[in-house]
Each structure stands twice: as structure tokens, then as C-alpha cells.
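The chains referred to below are lettered A, B, ... by the order of the sequence lines, with proteins before strands, and numbering in each begins at 1.
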2 protein chains.
Amino acid sequence: MTRNVSIGDVAKRAGVSIATVSRIVNGIAKKASPETVERVRKAIAETGYRPTGAGQALRKGHSRLVAVFAANLANPTMAAVAASIETALRDAGLAMVLCDTHDRADLQDEYLLEMRAQAVRAYVLLAAVASDGLRAALTGPIPTVFVNRRCPIPGKAAFVGIDNRAAGREVARALAQAVPKGRLALVHGPLSSSATADRVAGFKRELAKLGRELAPEDMATAPGVDHLEIGYEGASALLSGRAPKGIFCASDLIAYGVQRRLREADLSVPRDVRLIGFDDNPLNDWVAPWLASVRVPYRGFGEAIVGVLGELWRGESPRAELLAYEFVGRGA
Amino acid sequence: MTRNVSIGDVAKRAGVSIATVSRIVNGIAKKASPETVERVRKAIAETGYRPTGAGQALRKGHSRLVAVFAANLANPTMAAVAASIETALRDAGLAMVLCDTHDRADLQDEYLLEMRAQAVRAYVLLAAVASDGLRAALTGPIPTVFVNRRCPIPGKAAFVGIDNRAAGREVARALAQAVPKGRLALVHGPLSSSATADRVAGFKRELAKLGRELAPEDMATAPGVDHLEIGYEGASALLSGRAPKGIFCASDLIAYGVQRRLREADLSVPRDVRLIGFDDNPLNDWVAPWLASVRVPYRGFGEAIVGVLGELWRGESPRAELLAYEFVGRGA
DNA sequence: ACTGCATGGGTAAACGTTTTCCCATTTCGA
DNA sequence: TCGAAATGGGAAAACGTTTACCCATGCAGT
């Protein structure tokens, strides 16, 4: 219906050139008398003018969009991080394009191309997967920051997350202490994720140091992207022998799956088996008060990510920002 | 570094004009000899050309973006719907800009304006809130579809969701049957959401019909956006009297909150109290096997929404698409 | 031989910005 | 009083597309 108001309309109404309007909108304050500024501001307010993204993007070479890639939006932690990023981006005057890669390289590559065509200002990769497209993107001009899962391709890349290895060690100490004697075990997802791999490595290493090294049959995993199923399958594998007294689950969802399997085997958590998860899903306090976990400050990820992005936009070199995590004891 | 390849580069390489390339890319097949098409296709493949969004948006007046507004991304059902929309949009060659309005009118308005400036092809409002900006948007040229929560402003607007009133009635019958005698109760969030209001209305109406009308003290609510807290507070209110035997919680998260409060009062679900939630969070089977619920086919929302959007883009008039829900008995 | 009409494809305008020049006027220092 | 510099602001190009319009050429029908 009503055509969008353009910078020309504002200029006409204020009786100045569009160049002047543009300068004032963009805060190039050097060149404009206070009266002119006032007139233009008035015209903008009256017309409700707002610069059109397409025009800006065309001229400047980049839009006000940031592409966020998530491996699996159904995963609550991914959704939480996405929400946090969204808020932080908005505070920075940017908008989020959210892409679900389903952990598939082909989809990720397609999205990388499409988002480049959209002239996004940055890529934010939530659990990236290695792919040719990613390799290409890393040499391209679009700043990229990896979140949670480190860049699966060698080279220096910006990262925001926690020290998963140290957290894994802390879990090991907590579990060993909570279960002074008896079989300990581990259930985890694919190790292609650096987050998982680091947690597992730290956990195993520390456990060995404590003299409670895990045997191969104490470690279970399963393929797939659904951590609930992974947990269920992993627990099934563990239960072929004598039930473990303590299990580290590399994510809370895995722990939920494990607990279901244990429940079906008439084992009670935490009475019969201690469980420690990871991520500390906000629902834990409500529906899983038996689950100890590691709280990752997902709410703060957005701010950290936008901070790192700011550095990249200013031309600084990529760095890793590690946030503080916290072990949450539950089910004591 | 490497400048993006533009349509001109392709044209030069294929030895044709950019108009020809554009026509071929856009499938205007009438005007191009097979050999020319072949040459251009080859040039496109070699250069990896892909039309730039900004150019298209500028020329056509709209981008390949669709704006999705969610009231609260931390809510798993919102996230699930968003994920579903994302997939459906991708299949249609579109991308999703996700905006978290935090259920605030001012943020929603700001986003409506900003997304209009981004020339989005549509608004998808997940739990919209009434506001001046929304009123203005509805008279504007951008197709709008409401999801889950109906348009809070009178007038005809496209809608995708379920028949919440009928579902509420079904819950009433199920609860009355599961708890043949004893006090029944209801905990719900703000009634400004049509989804909540309809569920509650259907539930109360049917209960009255069954001769088990709710007294005022059997209905509890609490302000705020966090359903967990609402459930907890609501349950506290209910517990001032004799504990109810069955409670309908207008969402699963509310049910989680209620259950926690009951647990703290040493009441067991479902032994002491039957609980029925709504939405059927996928986690229920894993961590809340005591919670009956109404399964809303959120996975299918995306497809339905994109279908409705297609109609709107073709100029058809807005309609409401109601999807099938299903009562899920648990904790019997 | 001329008209009429497909067929294939090129020219150029338009979309809305930003930004580089450029110009006019004023101010200031000597 | 003259030149230099500062101040305020305009003209126009460029970004990448799409599309309305135009122009050849070839061919069939008269």
C-alpha cells in the first residue's frame, strides 16, 4: 500500500540533499549546522524513516544480519545459546538469521553460501562440522566465531566456550568422591565434537590419575544426533554387566536417557546410581533434581560472542574466550 | 579478499548480457537458445555465482527473509516451533530471521519496524502481544500469520494452531475420568494469550457440564513469562486448602513447576495428585513420565505456516489452519 | 517484394544507500 | 586587505539486480 519512506522523502521534506540526511543519520556530525540537524531529525520523526537494509547492504557490502548456525535447534542448550546471541545482537543493532544445519555438512555448506549471498556481517557456528564449505569460508572475508565446539579445521579461529577439559577433570573428582568405591562409567556422544572429546578426555585422564581408570566396557556411546537416545542406548550397553555406581553423562540429555534406562531396570537415581550430566539444563531443578551437572553460562555467551565479533570487525586477530563454568551438586 | 562474483562477471564469461543471465537464473525460459543457456549455466557453475540478496531486495522490494517473532525463546515449545519453521522455510528457499520479543510490546514494535526495513517477505508471530506497531503492521503490505496465539487485535488474520478450546474440553473429560471424585484444580498463565484463554475456557466449561464446576479457589495463576515459576506459585496458592486430587496445568512447564511444589509438600505425582499438562514436551517421556499432556504437532507447524504464507503471497485471503492434537495419557 | 510476427537477446532505468569529490561562503591570521 | 583554511552542504557515482522496452534477424504468408 503505502510505499516505504526513503531517504529522498526525508531530504525533500527537510529541504536538504539526501547526502546531508545520510550523514546525519549516520552521525557524521562534523558536517551539519545544528539547525539543519534539527530540521532533518524532525522530518525523520514525522515520516518514521528508517534506512532500508537492502540499500545499505548494497552500498556497504554487508548487511545488518549475522548468521547463526546451530547443529540441532531441538537441543535446548543450542536454543538457549541462540536466544542469548539474539539478545546480544539486538543490543548491538544487529539481527540474527538462524540456520539449523542438522549437523550435516551439506546443509552447512549450502547455508554458508546462502548467507554469504545475504552479505551477513559474520558467521556464528554453534557446533560446526568439518566441510569443504567451512574451509572455504574460513579464508573468506566474513568473520567467523565458533561456539561450544571448536573449529574442526586446523588453524586459528575465534572461539567462545568453556574449558571442557578442565570441567571434565572436575567432574571426575566429584564423581570419585561421591562414589568412593564401585564401578564408574561414562556415556558420551560422537567424539567429532571437540566439546565432547575434551570433556571425555579430561574426565578419563583425571580418573586414571585418581587410580580409578575406566575399562573399555565402562565407556559407552552411540551414533546419532539425539542425545536422549544416545543416553538410552549407552546405558543399555553398560547394563550388560554389573550396574555402575556412578556415571558421567557428557550432556544432560544423555543423562535423561540414561536415567530412563536405569528406571526401566528398576535402578534408582541417585540411590543406586549417581549421575553427573553436563550443561545444567534449567529444567534440572524442576524435573531432574537427582542430576548433578556442570553449569555452562549459556546466558552470557551472546555477550561474549558479540564482544569477540567486535574485535574481529575492528581487525583484531581471533582469540578464544573461555567463560567460567560451575559444578552443580545435586542428588547428594 | 576475493570480491564476490556478480552477475556481470558471469555475463562477461559467458559472452552475453547481464539481462540474459538474469533471465536464465530466474527461469524465464522463453527467451534463450539452448546453447546460450548451456554457456551461462557453465559460467555460473565455474564461478559459483549466486544472486546477491541486497541487489534482489532492492530491485524487487522484498528479500528472501521471513521474520519470526517468538515471545520467549527459552520456552522449549517456542524453540520447537521456530525450528520447524526454519526447516520449512529453507525448503521454500527462504531464510528465517528470529526475533525474541520477550513478550514485550515495545520490543515487538521495534522489531516490526526493523524487519520491515529489512524488507522481509512475511511476519510470523509466535505468541504476539497487542501493540500499536502490530496494528499498523496489519494494515501494511507485509503478509502476517499468527501462530499458537491468535491475533490479539480484532479483524481477520491468518492463523496456524490447534483448537485449544476443544482440547481444553478433552482434558476436562480425561481429568474427570481419572479422578472420579475429589477436588480438581487449574493453574494457568496470563489469559491475554488466546491459547491459554481458550484452553482454560474449554476446560472450565466442560467441567461444569460434568457437574464438577471449579470454585474460584480451585483456579490459580501468577504473572510473568516464566511458566515454571507460574506453576510453582500457582501450586502454592492451591495448597493453602486441602490438596487437589487432579490439576490441569495450561502448559507442561507450568506442570513442572506445580510438581516441584507438590514434591516439596511431600505429595507424589501421580499417586496423590494427577497432573495434566499441555504441549507434550518431548522430554516428558524421559523425565516426566508422570505427566499426561496434549500433544501439539509442533513439528508440522512449519509446513502449515509456509503453506498459509504461500496463499497470502498469491493474494488469497487469510484463513485459519487448525491442526490435529492428541491427548497423551501418562501416569495412569 | 512487402508486411507481420516469432525468436533471441541487448540497453538502460530504477531500487535506496553511502561516500567521494567538489563548491560556496565565512572566518581568521598576518 | 589578501590568501588560507574551515565550515556547511550538494552532485553524482557506485553497489547488484530485475525488467520494460527496443532491435535485429529469419521466416511465412500474401
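For B:Y123, the ring-ring contact (aromatic ring centres under 6.0 Å, His included) test picks out B:F69, with sequence neighbours left out. B:F301 is linked by a ring-ring contact (aromatic ring centres under 6.0 Å, His included) to B:Y298, counting only residues two or more places apart in sequence or in another chain. With sequence neighbours left out, the side chain to side chain contact (heavy atoms under 4.5 Å, CB included) criterion links A:E38 to no other residue. For the side chain to side chain contact (heavy atoms under 4.5 Å, CB included) test, residues two or more places apart in sequence or in another chain that qualify with B:A71 are B:M78, B:T101, B:D103, B:A127. Taking the side chain to side chain contact (heavy atoms under 4.5 Å, CB included) definition, one finds that B:V37 meets it with B:I24, B:A32, B:R41, sequence neighbours left out.
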Intra- and inter-strand pairing of DNA chain C, written as dot-bracket with Watson-Crick and G-U pairs under 3.5 Å and | for the latter, reads ||||||||||||||||||||||||||||||

Tabulated below should be each protein N or O lying under 3.5 Å from an N or O of nucleotides 26-28 of chain D; please produce it.
none

Under 3.5 Å, N/O pairs linking protein and nucleotides 5-9 of chain D:
{"unit_1": "D:dG9", "atom_1": "OP1", "unit_2": "A:T36", "atom_2": "OG1", "d": "2.5"}
{"unit_1": "D:dG9", "atom_1": "OP2", "unit_2": "A:S33", "atom_2": "N", "d": "2.8"}
{"unit_1": "D:dG9", "atom_1": "OP2", "unit_2": "A:T36", "atom_2": "OG1", "d": "3.2"}
{"unit_1": "D:dG9", "atom_1": "N7", "unit_2": "A:K31", "atom_2": "NZ", "d": "3.3"}
{"unit_1": "D:dG9", "atom_1": "O6", "unit_2": "A:K31", "atom_2": "NZ", "d": "2.3"}

Interface polar pairs with nucleotides 14-17 of chain D, N/O, under 3.5 angstrom:
{"unit_1": "D:dC15", "atom_1": "O2", "unit_2": "A:R59", "atom_2": "N", "d": "3.4"}
{"unit_1": "D:dG16", "atom_1": "O3'", "unit_2": "B:T52", "atom_2": "OG1", "d": "3.3"}
{"unit_1": "D:dG16", "atom_1": "N2", "unit_2": "B:G55", "atom_2": "O", "d": "3.4"}
{"unit_1": "D:dT17", "atom_1": "OP1", "unit_2": "B:Y49", "atom_2": "OH", "d": "3.1"}
{"unit_1": "D:dT17", "atom_1": "OP1", "unit_2": "B:T52", "atom_2": "N", "d": "3.0"}
{"unit_1": "D:dT17", "atom_1": "OP1", "unit_2": "B:T52", "atom_2": "OG1", "d": "3.2"}
{"unit_1": "D:dT17", "atom_1": "OP2", "unit_2": "B:I7", "atom_2": "N", "d": "2.6"}
{"unit_1": "D:dT17", "atom_1": "O5'", "unit_2": "B:Y49", "atom_2": "OH", "d": "3.2"}

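Identified under the salt bridge (Lys or Arg N to Asp or Glu O under 4.0 Å) test for residues 51-72 of chain A, with sequence neighbours left out: A:R64-B:E114. Evaluation of the salt bridge (Lys or Arg N to Asp or Glu O under 4.0 Å) test over residues 66-82 of chain A, restricted to residues two or more places apart or in two chains, returns none. Residue pairs satisfying the ring-ring contact (aromatic ring centres under 6.0 Å, His included) criterion with at least one member in residues 131-153 of chain A, sequence neighbours excluded, are absent.
Distance A:R64 CZ to C:dT17 C1': 11 Å, rounded to the nearest Å.
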